[in-house]
**Student:** 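Starting off with a structure, shown below.
Model, not experiment: these values are computed from the prediction.
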Amino acid sequence: MKTRKIIPILVCVALVVFFMACKKSRYCHCVTTEGAADTVVVNVDRGMKCEHILELGIDKLQDGEYVTTLQKVDCVELDMDTVATIPPRPEPED
């Protein structure tokens, strides 16, 4: 009698774990809070929350070279599984 109750519970638990494991990453939409508003889309692991991202290193082109600056950001999770392709940054001219 106990096995008849345990088997459906185990099947339900297995299904829940399976569906939770399908989404392994999430996308965060981050906007800088200082200076000019830069927008960045970041792909993070499922265990990380977008709201916990407080600073990001953002590359900017200055005098023909890319300089990474640490900027404060506000991030929110995007509600979609796919994000439009972000174009690659242009290469500096020699």
Side-chain angles (χ1 to χ4, degrees):
M1 194 69 171
K2 289 183 181 180
T3 57
R4 286 187 179 177
K5 292 181 181 178
I6 291 175
I7 291 175
I9 291 173
L10 289 176
V11 169
C12 290
V13 169
L15 288 174
V16 168
V17 169
F18 175 74
F19 286 116
M20 293 296 287
C22 287
K23 187 178 177 185
K24 295 184 180 181
S25 64
R26 65 179 65 176
Y27 293 97
C28 300
H29 179 249
C30 302
V31 178
T32 58
T33 58
E34 299 173 344
D38 291 324
T39 300
V40 179
V41 176
V42 182
N43 184 8
V44 296
D45 292 336
R46 180 148 175 84
M48 187 174 198
K49 292 187 178 181
C50 296
E51 293 80 20
H52 292 168
I53 300 174
L54 302 176
E55 293 181 330
L56 284 175
I58 297 178
D59 293 339
K60 289 190 177 184
L61 185 62
Q62 291 180 354
D63 299 328
E65 294 183 17
Y66 283 99
V67 178
T68 303
T69 58
L70 193 62
Q71 295 188 2
K72 294 184 181 188
V73 293
D74 287 329
C75 297
V76 294
E77 183 177 351
L78 293 176
D79 293 332
M80 58 185 146
D81 289 334
T82 59
V83 176
T85 305
I86 299 171
R89 63 183 184 185
E91 294 296 325
E93 296 179 13
D94 292 327

**Student:** Step by step, work out the side chain to side chain contact (heavy atoms under 4.5 Å, CB included) result for Leu78 and Val41.
**Tutor:** CA-CA 9 Å; Leu78 293 176; Val41 176; 4.2 Å; yes
**Student:** Considering the options Val40, Leu56, Asp38, which one meets the side chain to side chain contact (heavy atoms under 4.5 Å, CB included) requirement together with Gln71?
**Tutor:** Asp38
**Student:** Working to the nearest 0.5 Å, report the span between OH of Tyr66 and CG of Asp59.
**Tutor:** 8.0 Å
**Student:** Apply disulfide (SG to SG under 2.5 Å) to the pair Cys30 and Cys75, showing each step before the final yes or no.
**Tutor:** CA-CA 4 Å; Cys30 302; Cys75 297; 2.0 Å; yes
**Student:** Do Val42 and Leu54 belong together in a cluster built from hydrophobic side chains that touch within less than 4.5 Å?
**Tutor:** no
**Student:** Evaluate side chain to side chain contact (heavy atoms under 4.5 Å, CB included) for Ile53 paired with Val44, printing each intermediate quantity in order.
**Tutor:** CA-CA 10 Å; Ile53 300 174; Val44 296; 4.0 Å; yes
**Student:** Got a second to check how far Leu70's CG is from Glu34's CD, nearest 0.5 Å?
**Tutor:**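 If we round to the nearest 0.5 Å, Leu70:CG and Glu34:CD are 9.0 Å apart.
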**Student:** Give, for atom NZ of Lys49 and atom CD of Glu77, the distance between the pair rounded to the nearest 0.5 Å.
**Tutor:** 10.0 Å
**Student:** Check whether the side chains of Thr33 and Asp74 place a donor and an acceptor atom closer than 3.5 Å, and report yes or no.
**Tutor:** no
**Student:** Could you walk me through whether Ile58 and Thr32 pass side chain to side chain contact (heavy atoms under 4.5 Å, CB included), step by step?
**Tutor:** CA-CA 9 Å; Ile58 297 178; Thr32 58; 3.4 Å; yes
**Student:** Check Lys72 with Glu55, please: is the shortest side-chain N to carboxylate O separation under 4.0 Å?
**Tutor:** no
**Student:** In Å, rounded to the nearest 0.5 Å, how long is the span from NE2 of His29 to OG1 of Thr39?
**Tutor:** 4.5 Å
**Student:** With side chains defined as the heavy atoms from C-beta onward, is the minimum distance between Lys60 and Val67 less than 4.5 Å?
**Tutor:**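 With C-beta onward as the side chain, the pair stays apart.
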